[in-house]
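Below: the structure, in structure tokens.
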Amino acid sequence: MFRPLLIYNAAMGIAYVAAGIIMWRSLDHGKYAAATIFVLNFLVLGTIGYLYAVGSAVAIQSICAMTFRTLVWLILFLGLAWMSHRDKISGVKRDDHPIIPPDDAG
């Protein structure tokens, strides 16, 4: 067990939840949150990859798990960036298509 990675993953769990809430509320802000998490995960992946290569106490399962997390956040960023760009081109505002339709019961 590589304790710094355990601490990082625990802290990032909180960041993942916060980023999810941000994404739900705003495509633009969510895009930046996803990009930030992707970059942080990529840097940690590079670091633990290096440590693994030089024989430090990092398990290959940690490399695989961080690779997966990094790819997931890259895909989230690219999806949010595409949706944000699409909405800007079409002139749609997020409030124009709410997730919950208004109550017409009057």
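As the structure is a computational prediction, the values presented were derived from the model and not from experiment.
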Show your reasoning for whether side chain to side chain contact (heavy atoms under 4.5 Å, CB included) applies to Val44 and Met12.
CA-CA 11 Å; Val44 170; Met12 290 308 289; over 6 Å; no
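- In the model, Asn9 has no side-chain atom that pairs as donor or acceptor with a side-chain atom of Tyr16 under 3.5 Å.
- Of the candidates Leu74, Thr70, Leu76, Ile75, Val72 forms a side chain to side chain contact (heavy atoms under 4.5 Å, CB included) with just one, namely Leu76.
- Leu5 and Tyr50 fall within the same hydrophobic cluster, where Ile, Leu, Val, Met, Phe, Trp and Tyr residues are linked whenever their side-chain heavy atoms come under 4.5 Å apart, directly or through other members.
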Hey, mind stepping through Leu40 and Thr36 against side chain to side chain contact (heavy atoms under 4.5 Å, CB included) and telling me if it holds?
CA-CA 6 Å; Leu40 290 172; Thr36 300; 4.1 Å; yes
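- Remark: side-chain polar atoms of Thr67 are paired, donor with acceptor, to backbone N or O of Ile63 under 3.5 angstrom.
- Residue Gly30 comes nearest to Ile22 through the heavy atom pair N-CG2, 3.6 Å, listed as atom of the first residue, atom of the second, then distance.
- Expressed to the nearest 0.5 Å, how far CG of Asp28 lies from CE of Met83 amounts to 11.0 Å.
- Scanning for side chain to side chain donor-acceptor pair (under 3.5 Å) contacts around His29 gives Ser26, with sequence neighbours left out.
- In this structure, CH2 in Trp73 is found 4.0 Å from CD1 in Ile37, a value given to the nearest 0.5 Å.
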Could you walk me through whether Tyr52 and Ile48 satisfy the side chain to side chain contact (heavy atoms under 4.5 Å, CB included) test, starting with their C-alpha distance in whole Å, then the side-chain angles of each, then the deciding distance to 0.1 Å, before giving a yes or no?
CA-CA 6 Å; Tyr52 178 79; Ile48 65 173; over 6 Å; no
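- One hydrophobic cluster, built from ILVMFWY side chains closer than 4.5 Å, holds both Phe68 and Met66.
- A distance of 10.0 Å separates NZ in Lys31 from NE2 in His85, rounded to the nearest 0.5 Å.
- Both cation-pi conditions hold for Arg86 and Trp82: the charged atom is under 6.0 angstrom from the six-membered ring centre and inside a 45 degree cone around its axis.
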Applying side chain to side chain contact (heavy atoms under 4.5 Å, CB included), run through Leu51 and Phe2 and close with a yes or a no.
CA-CA 10 Å; Leu51 291 172; Phe2 188 62; 3.6 Å; yes
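- Follow the hydrophobic side-chain contacts under 4.5 Å out from Val54 and you reach Leu43 in the same cluster.
- In the hydrophobic clustering of ILVMFWY residues, with side-chain heavy atoms under 4.5 Å counting as a link, Phe77 and Val39 come out together.
- Applying the 6.0 Å contact sphere to OH of Tyr8 captures more than 12 heavy atoms from other residues, nucleotides or ligands.
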